[in-house]
Amino acid sequence: MHGSHATGSPYAPHTDEERSQMLDAVGAETEADLFDIPEAVQFDGEFDIDARSERETRRLVRSILGRNDDLTELLGRGHYGYYIPSLVDHLADRSEFLTSYTQYQPEVSQGFLQALFEYQSLLVELTGLEIANCSMYDAATALGEAATLAERVRDTSGHRVLVPDRLLEGRRSTLENYVAGTDLVVEAYPTDDGNVDLAALEEATDEEAVMLYAENPTVRGTIEENLEAVGDLAVANEALFVLGSDPIALSVLQRPADVGADVVVGDASVLGLPTSYGMGLGLFATSEDYLRQVPGRLVGASEDSTDRRAYTLTLQTREQHIRRERATSNICTNQAWVALRTAMHAASLGPNGMVDLAERGVTRAEDLAERLDDLVGVKAPVHDRHHFREFVVRVDQPAPAIASDLEKRGFAVHVVGEHEIQVCVAGVSDARIDSFVTTFREVAR
Amino acid sequence: MHGSHATGSPYAPHTDEERSQMLDAVGAETEADLFDIPEAVQFDGEFDIDARSERETRRLVRSILGRNDDLTELLGRGHYGYYIPSLVDHLADRSEFLTSYTQYQPEVSQGFLQALFEYQSLLVELTGLEIANCSMYDAATALGEAATLAERVRDTSGHRVLVPDRLLEGRRSTLENYVAGTDLVVEAYPTDDGNVDLAALEEATDEEAVMLYAENPTVRGTIEENLEAVGDLAVANEALFVLGSDPIALSVLQRPADVGADVVVGDASVLGLPTSYGMGLGLFATSEDYLRQVPGRLVGASEDSTDRRAYTLTLQTREQHIRRERATSNICTNQAWVALRTAMHAASLGPNGMVDLAERGVTRAEDLAERLDDLVGVKAPVHDRHHFREFVVRVDQPAPAIASDLEKRGFAVHVVGEHEIQVCVAGVSDARIDSFVTTFREVAR
Amino acid sequence: QYEPLLSEKDLTRVEIGGEDDGSPLPDDLTRDSLELPELSEPELARHYTRLSQMIYGIDSGPYPLGSCTMKYNPKFTEDVAALPTAAVHPDRSERSIQGTLELLYRLQDYLGRIGGMDAVTLQPPAGAAGEFVGIRVAAAYHEHNGEGHRDEVIVPESAHGTNFATAALGGYDVVSLPSDDDGRVDLEALEAALSENTAALMLTNPNTLGLFERDITEIAEMVHDVGGLLYYDGANLNALLGRARPGDMGFDVMHYNVHKTFATPHGGGGPGAGPVGVVDDLAPFLPAPRVRENGGSKSETSYELFDPDHTIGKVHGYQGNWLVLIKAFAYIARLGDAGLADASAKAVLNANYLASQIGYDVPYEPFHHEFVASAGEQDAADVAKRMLDYGVHPPTTKWPEIVPEALMTEPTEVESKKTLDRLAAAFNAVADEDDPTLEAAPDRTAARRIDQTSAARSPRLSWQTLDLEDD
Amino acid sequence: QYEPLLSEKDLTRVEIGGEDDGSPLPDDLTRDSLELPELSEPELARHYTRLSQMIYGIDSGPYPLGSCTMKYNPKFTEDVAALPTAAVHPDRSERSIQGTLELLYRLQDYLGRIGGMDAVTLQPPAGAAGEFVGIRVAAAYHEHNGEGHRDEVIVPESAHGTNFATAALGGYDVVSLPSDDDGRVDLEALEAALSENTAALMLTNPNTLGLFERDITEIAEMVHDVGGLLYYDGANLNALLGRARPGDMGFDVMHYNVHKTFATPHGGGGPGAGPVGVVDDLAPFLPAPRVRENGGSKSETSYELFDPDHTIGKVHGYQGNWLVLIKAFAYIARLGDAGLADASAKAVLNANYLASQIGYDVPYEPFHHEFVASAGEQDAADVAKRMLDYGVHPPTTKWPEIVPEALMTEPTEVESKKTLDRLAAAFNAVADEDDPTLEAAPDRTAARRIDQTSAARSPRLSWQTLDLEDD
């Protein structure tokens with residue numbers, strides 16, 4: 001009876017008195033008078049959406065999401081449940097970071113610009129390439145953008161984009177959509193025991209190739225051993241070498257610049273974001289040769305009128321709001337806040353922590369594979385390669401049945417073949433790994 | 001292998017190199033050289049406390065607290081589970097609020113001082129008294145401080161502190177400790193059907209009384225009907241009238257100033273703090289007559305050197321760090337951050353929201369009492385009074401057994417007599433109340 | 001106060017591989033070293049706290065960026081997005097994430113009702129990605145109908161830049177459409193632009209001048225008559241909630257900017273989300289997968305993923321920005337019908353009130369949730385810089401170009417009359433100032449006017465390119 | 001920029017009771033009206049965001065307040081205190097809150113080990129409340145032993161003000177003890193002060209000059225010889241972690257300031273917590289209840305509350321500041337033996353390094369975690385105000401009085417060398433400035449120097465006393 005706003009938006013602050021004054025000032029009796037909508041298209045129905053109190057709304061969402069099972073996820077393939085230091089949430093959630101807009105007024109956005117500049121610098125160090133933008137949506141869209149970059153910068157009349165046959169469906173499909181408006185064609189080349197089948201790729205690559213794509217680690221968790229050869233092949237055929245990876249892998253694996261990569265894409269949210277049903281952060285780094293063709297926003301250092309260092313969005317003439325249909329991409333809203341979180345997580349780990357985390361991904365995966373391999377009816381890892389963080393397991397029983405049994409006992413794994421399961425150690429505690437091995441023994445026999 | 005700080009404090013930022021430079025600068029080889037502790041009292045043992053990663057520590061605490069049962073609490077008696085708007089957590093957790101010290105340098109503490117000034121003003125409006133301090137620890141200690149105030153300001157040689165016989169044990173015991181160093185004696189007067197037994201109190205009150213204490217609402221949830229009479233009695237006997245209440249009750253119940261209260265105490269954390277195992281916020285308001293005798297910190301308005309309004313801790317000569325053994329209290333660290341939360345919660349409700357919340361406490365308690373009264377073997381409420389938020393239920397079965405049965409089915413209630421249970425509606429959803437009535441029917445028959 | 005770069009606080013090089021480091025990998029598979037800042041938690045907490053203090057956010061004051069709908073972001077939506085139950089991997093089995101699927105399903109449903117659309121995908125991670133889905137769906141639809149020859153997308157001159165860029169990314173030729181004298185679609189020009197090659201017309205309504213396209217029914221007919229589709233750019237939907245729906249106006253496909261209309265925070269540039277709604281005819285072409293009910297038990301409905309029959313595939317690796325979608329769902333569930341309608345009512349009232357209080361000329365009306373004033377003889381960009389000195393965020397400037405020195409202003413419903421008065425005072429103070437004052441602005445901000453030319457001419461895009469100072 | 005009071009933004013009066021308002025209570029039980037600000041969430045978010053910007057916190061920079069141990073507060077401890085399972089009502093059955101009881105039990109145990117004490121109570125909600133428990137326990141002990149006549153508590157002149165106030169609150173006469181020339185307890189003066197009336201000596205060690213009381217063993221013997229008890233004020237415990245324990249030095253009772261030593265945030269004044277540890281002889285007098293193991297099942301120990309045999313009762317309505325205790329537990333569990341010892345080592349190193357870098361004289365040494373410099377001819381309070389202009393928080397000033405114009409400085413272990421160098425630079429810059437400059441300071445802060453006299457002479461303690469301005 002005493003509550004105001006009971007029938008309006010709780011976030012509109014108008015008192016009745018203020019509303020009257022404002023309506024008076026604009027010469028209207030009610031807000032309805034201000035709308036200039038022809039009667040024919042006026043909506044006089046209801047959405048039938050009930051208003052709720054804040055508490056009820058929280059309860060509703062909690063109740064809905066409570067239907068998600070609480071499983072230990074041994075899942076990877078691009079998204080990982082690494083532990084995120086508490087620092088990241090506390091600082092990234094400061095409302096100045098969370099609620100600000102794109103930095104079109106850099107004078108009142110220095111803090112965010114600097115954080116993004118630091119994010120770009122992190123990627124420059126990780127990739128060895130000179131330029132990193134301050135985010136794409138995710139790995140799949142970054143890959144798509146790499147292809148349109150290849151199309152723009154190609155010297156040849158080529159139109160073939162070569163990707164591994166084992167490519168995540170979301171990446172492949174997104175890539176297809178990104179090149180649908182061009183003459184590019186996506187073609188798969190074979191893999192061999194988890195790595196690039198170099199002979200087959202050599203066979204497949206000709207001057208029609210404008211882009212070669214490889215991943216390290218690969219989708220099956222193997223560490224790619226042929227990167228330099230792929231790089232050489234790209235040079236020989238004047239194709240762009242695009243490498244897929246992520247910041248943790250890049251902390252220890254071969255530096256992209258050292259193997260001739262022209263572009264690095266991937267999902268950088270492996271640092272900074274919990275598993276969020278596929279929400280990501282598209283990593284995009286490239287050589288300074290392609291500076292004017294880079295998609296997405298770039299933060300640059302400059303000076304203010306007192307000659308102090310200051311940061312600003314730069315080279316905006318590449319972007320849609322200036323260049324419109326001749327822009328390097330249509331991206332506008334991006335994943336800046338996720339990039340902030342990634343930078344914070346990386347800063348929190350430091351170089352020692354990042355290398356540690358990466359190396360533990362190798363040793364813990366190795367350990368788990370050995371333990372699984374000891375089980376009856378199980379071979380792990382399937383591929384005779386070094387593995388990073390995850391690997392494929394061959395099981396005698398049908399893989400879907402095993403995965404289903406594991407799920408009932410609290411574990412989620414990937415089914416990647418009729419008799420193949422993929423498991424990942426990232427973020428899983430030693431105690432849960434022990435429990436997983438025990439459970440696996442029971443369900444796999 | 002790459003981690004630094006593995007064996008030290010993770011919050012000490014020293015690199016090995018910096019540490020060396022610093023040791024050089026102070027002419028020591030190791031930190032041990034800087035300690036001047038006689039060998040006889042040096043500790044060379046171990047605490048046997050393992051260091052843990054942040055993640056492991058979080059897991060440990062989560063695991064320990066996970067042993068708490070998830071019950072719907074129909075508990076009150078000073079602590080309530082009112083819903084706290086999300087705003088409060090988000091803003092009070094800003095580290096400037098959370099991590100700052102007492103405002104001894106007001107020039108860099110204006111924000112906190114203003115928030116505390118607003119908290120004081122809230123209490124001034126709620127109580128009608130002119131002065132509120134910016135926190136005591138909780139209701140019990142505020143009551144103790146009121147008694148020492150009574151002792152300091154008494155005009156007579158009196159030494160009797162009269163409190164209701166039904167007083168929470170924690171309040172009574174704390175009060176006893178606070179007056180242990182004085183000649184004051186705590187005595188109980190009887191209550192009658194949940195309210196002050198006025199005749200008995202009149203009988204008990206004489207010129208030896210220095211303080212009369214009453215509560216509204218009372219510990220049994222009744223609204224006190226005799227406040228003016230108690231006030232008159234205090235005046236007649238030159239005793240201090242101390243009233244116990246809380247901000248939500250004060251939103252609608254009789255204004256303390258209107259019934260002659262000299263001091264208002266209570267727990268203000270009913271707004272702003274979730275039930276926290278008794279952690280509180282001592283409300284302390286009094287008349288300007290006792291300005292120089294108030295315990296605790298006071299924030300006052302003043303001007304800065306440019307004549308702009310500014311806030312500062314004031315009248316500090318009352319306090320221990322200046323006045324030492326002649327201070328009005330020994331309190332130093334207080335509950336400032338809780339006061340901030342309380343002020344935020346009150347601001348979030350606004351006067352309409354506060355009155356609403358209070359009135360719903362009355363009507364929802366009435367409704368629940370009626371529904372319980374309809375059950376076989378149950379009488380509710382026991383007292384023929386108006387109730388605020390909670391009430392006592394008489395049950396034919398032994399109360400402890402009923403409470404235990406309720407607990408097994410997910411509800412916590414107070415046992416307040418062999419056949420008496422007390423229940424509270426604050427913060428409990430309608431759905432849970434319905435479920436409680438159903439459950440009560442089953443266990444009470 | 002200047003905050004050094006992390007790299008000015010520390011740079012530590014860690015060697016990898018080599019002889020005695022115990023690296024688990026052979027040297028030929030690893031890099032040689034990694035050089036990054038190694039700092040402690042207290043140092044990082046101060047760094048990022050300090051950086052945050054040099055940012056103007058929605059909690060700092062009014063943020064009237066036209067076309068950006070910078071609403072207050074309710075705090076509680078952060079809490080629900082942070083629920084541990086929300087943290088699920090995208091490869092989880094459908095059976096094990098019924099909560100996630102239910103929320104997505106309900107949000108699809110909410111958005112369909114709000115926009116008057118028959119089917120919704122939540123996959124696009126931003127508005128531009130939503131546009132791209134719309135364009136790809138249109139292409140697939142035409143192709144499916146044997147009309148793959150349609151190669152033109154018509155875009156009004158005053159449209160958002162993303163419309164042009166998206167159409168181009170989709171492989172279309174962009175046909176630009178001038179406005180009429182009233183600032184709306186010129187029907188004659190439209191007639192001239194339309195042809196059998198028209199794939200779609202992209203339109204926002206109200207348009208970027210805040211004007212409702214009164215001829216929308218006729219426009220829809222004209223587009224449909226030549227076999228084209230009508231695309232609704234949802235950037236300005238906050239003007240219409242509960243009063244008009246794109247679906248009812250004849251739009252075939254639309255995107256929603258949940259980070260505008262539904263108050264999810266903009267995060268300094270993102271993440272947002274750009275769900276797309278379509279009419280029944282286009283539903284088979286939507287991205288895969290979508291969510292539908294599949295019966296379930298008596299007590300609880302269950303949900304499953306499915307691929308539309310003629311799906312265009314995916315435009316994101318998974319299902320878009322899940323955490324953002326949770327916040328949008330919570331916002332809509334909180335406001336309900338009445339709250340949503342009130343949001344639009346107050347947004348339009350606020351725009352009209354603010355315009356009535358400022359001295360700058362507003363050439364086009366009646367506008368709705370936003371208006372475009374003209375800075376006249378002043379440089380709109382300079383006006384914006386000077387407004388910063390008055391402690392408020394300026395409007396969008398120099399766009400749409402139909403208004404000279406445009407000040408495109410959208411206060412949203414969350415501003416009080418007092419705040420609007422303060423904002424108007426800032427406008428009016430700047431209006432009275434001379435050019436040198438404006439050109440020297442800002443001078444009360446963390447950085448003074450920043451040299452854009454220098455930034456672009458010699459790009460320094462990482463700390464590796466700077467002469468670092470030791471902190 | 002000035003932030004108006006909430007009451008300057010709005011004041012709304014709500015009538016209560018009367019004829020037609022539907023109040024559920026009769027008018028004689030209600031107030032007439034309530035007048036408070038009625039504001040929306042966006043307005044409040046901006047209000048408190050703005051207020052927060054006018055506060056210097058530990059994340060703003062160094063905070064070297066002597067005797068206050070302003071450490072960095074690890075973020076994760078907030079997360080564990082915010083766990084929903086931590087939100088329990090104090091009247092819950094013991095059976096239903098085994099988690100709470102286990103955590104309290106473990107923290108009692110941790111603190112006992114760290115202090116060398118046999119029994120611990122966690123009830124006192126602050127350091128001063130801990131002192132009060134100590135004094136009440138001492139009183140009860142003496143009373144129990146038929147020595148109720150003991151009516152004096154000895155406190156060194158340089159002790160914290162709370163020691164004096166607490167002893168007085170406990171009904172004791174305070175006997176003040178001068179320091180010797182070295183800044184420590186003067187044994188002759190102590191001998192003179194001790195008598196059969198001595199209830200206790202309250203001591204902090206290292207003392208407020210940062211000096212270890214080298215004669216502590218002898219002091220303990222002297223106090224015990226006359227039948228008195230030795231009380232340890234835990235404010236300076238951060239100097240000793242893992243290197244010395246009050247229990248081993250002969251102290252009978254001590255309090256711990258968890259908001260100092262164990263990094264729980266100070267919250268702008270509180271809440272803190274002041275657990276008290278005692279030797280076996282005093283354990284029966286501790287406040288009720290405490291927590292103990294009671295066996296339990298094979299797999300899990302269970303816990304229960306119990307009242308010590310001769311308990312003094314309660315000094316808080318329930319069990320003190322529970323949420324703070326969770327944070328303290330988490331901090332100790334995170335650091336472990338090595339981390340705690342390193343914290344003290346680095347705290348002492350930092351104090352010594354900082355002292356070596358500043359120009360002000362430090363008359364007493366060897367100090368540990370803090371030192372007291374003298375501002376010499378300068379006014380220490382003015383020095384502090386001027387340091388604010390250099391962007392750092394100043395030390396505690398003018399206390400202890402044994403050092404003229406004292407600058408009592410405690411950097412804690414969380415400051416890096418770079419930060420200490422910056423802090424030293426601020427000290428040294430101020431040291432070179434003249435009095436007028438100091439007296440005019442600060443001028444770079446949210447408020448300039450505030451008139452304390454005016455505040456105290458005409459107290460304005462609420463907005464009700466001010467002439468409010470309409471925002």
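Below, read A as the first sequence line, B as the second, and so on, with proteins coming before strands; counting in each chain starts at 1.
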Where on [X] is there a heavy atom nearer than 4.5 Å to chain B: the side chain, the backbone, both, or neither?
{"X": "D:Met249", "result": "both"}
{"X": "D:Ala86", "result": "both"}
{"X": "D:Leu388", "result": "side chain"}
{"X": "D:Thr12", "result": "both"}
{"X": "D:Arg214", "result": "both"}
{"X": "D:Phe329", "result": "side chain"}
{"X": "D:Asp28", "result": "backbone"}
{"X": "D:Glu35", "result": "both"}
{"X": "D:Thr217", "result": "side chain"}
{"X": "D:Leu349", "result": "both"}
{"X": "D:Asn321", "result": "both"}
{"X": "D:Ala288", "result": "neither"}
{"X": "D:Leu466", "result": "side chain"}

A side-chain contact here means heavy atoms from C-beta on lying under 4.5 Å apart; do [X] and [Y] qualify?
{"X": "D:Leu6", "Y": "B:Leu122", "result": "no"}
{"X": "D:Arg243", "Y": "B:Gln42", "result": "no"}
{"X": "B:Glu288", "Y": "D:Pro459", "result": "no"}
{"X": "B:Leu65", "Y": "D:Val80", "result": "no"}
{"X": "D:Leu51", "Y": "B:Phe112", "result": "no"}

If you tally heavy-atom pairs under 4.5 Å against chain B, which of [options] wins?
{"options": "D:Leu211, D:Thr396, D:Val348", "answer": "D:Val348"}
{"options": "D:Gly336, D:Gly99, D:Gly317", "answer": "D:Gly99"}
{"options": "D:Arg245, D:Glu413, D:His160, D:Gln357", "answer": "D:Arg245"}
{"options": "D:Tyr72, D:Phe76, D:Tyr56", "answer": "D:Phe76"}
{"options": "D:Gly171, D:Gly270, D:Ala45, D:Gly127", "answer": "D:Gly270"}

Donor-acceptor check, side chain of B:Glu73 to backbone of D:His89, threshold 3.5 angstrom: yes or no?
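Checked: pair present.
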
Kindly say whether B:Ser9 contributes a backbone atom to a donor-acceptor pair with the side chain of D:Asp342 at under 3.5 angstrom?
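Looks like yes, one N/O pair under 3.5 Å.
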
May I ask you to decide if the ring planes of D:Tyr48 and B:Phe97 are parallel, tilted or perpendicular, using 30° and 60° as cut-offs?
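Plane angle over 60°, so perpendicular.
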
Should the ring pair B:Phe35 and D:His368 be called parallel, tilted or perpendicular, given that the plane angle runs from 0 to 90° and is split at 30 and 60?
tilted

Would you please test B:His79 and D:Asp91 for side chain to side chain donor-acceptor pair (under 3.5 Å) and show each step?
CA-CA 9 Å; B:His79 287 274; D:Asp91 284 349; over 6 Å; no

With rounding to the nearest 0.5 angstrom, report the [atom1] to [atom2] distance, [X] to [Y].
{"X": "B:Arg67", "Y": "D:Glu300", "atom1": "CZ", "atom2": "CD", "value": "3.5 Å"}
{"X": "B:Ile64", "Y": "D:Arg106", "atom1": "CD1", "atom2": "CZ", "value": "4.0 Å"}
{"X": "B:Glu407", "Y": "D:Arg92", "atom1": "CD", "atom2": "CZ", "value": "7.0 Å"}
{"X": "D:Lys314", "Y": "B:Glu169", "atom1": "NZ", "atom2": "CD", "value": "5.5 Å"}

Heavy atoms only, distances under 4.5 angstrom: which of [options] has the most pairs with chain D? Name it, please.
{"options": "B:Asp258, B:Leu168, B:Leu250", "answer": "B:Leu250"}
{"options": "B:Ile223, B:Asp93, B:Asp267, B:Thr148", "answer": "B:Ile223"}
{"options": "B:Met354, B:His321, B:Glu54", "answer": "B:Glu54"}
{"options": "B:Val61, B:Thr141, B:Asp138", "answer": "B:Asp138"}
{"options": "B:Gly181, B:Ser100, B:Ser305", "answer": "B:Ser100"}
{"options": "B:Trp337, B:Tyr178, B:Tyr277", "answer": "B:Tyr277"}

Strictly by modelled atom types, are [X] and [Y] linked by a side-chain donor-acceptor pair under 3.5 Å?
{"X": "B:Glu31", "Y": "D:Asn352", "result": "no"}
{"X": "B:Asn330", "Y": "D:Thr166", "result": "yes"}
{"X": "D:Ser454", "Y": "B:Glu303", "result": "yes"}

Provide the closest heavy-atom pair for D:Arg449 versus B:Glu107 in the form atom of the first, atom of the second, distance.
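Shortest heavy-atom separation between D:Arg449 and B:Glu107 comes out as CA-OE2, 3.4 Å.
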
Looking only at the aromatic ring of each residue, does the gap between the centers of D:His393 and B:Tyr101 stay below 6.0 angstrom?
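Ring-ring flag for B:Tyr101/D:His393: false, centres at least 6.0 Å apart.
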
Assess the residue pair B:Asn68 and D:Thr85 against the criterion (side chain to side chain donor-acceptor pair (under 3.5 Å)); give the C-alpha distance rounded to whole Å, side-chain angles, the decisive distance to 0.1 Å, and a yes or no.
CA-CA 6 Å; B:Asn68 284 347; D:Thr85 45; 5.7 Å; no

Lys/Arg N to Asp/Glu carboxylate O, D:Lys346 vs B:Glu18, below 4.0 Å
no

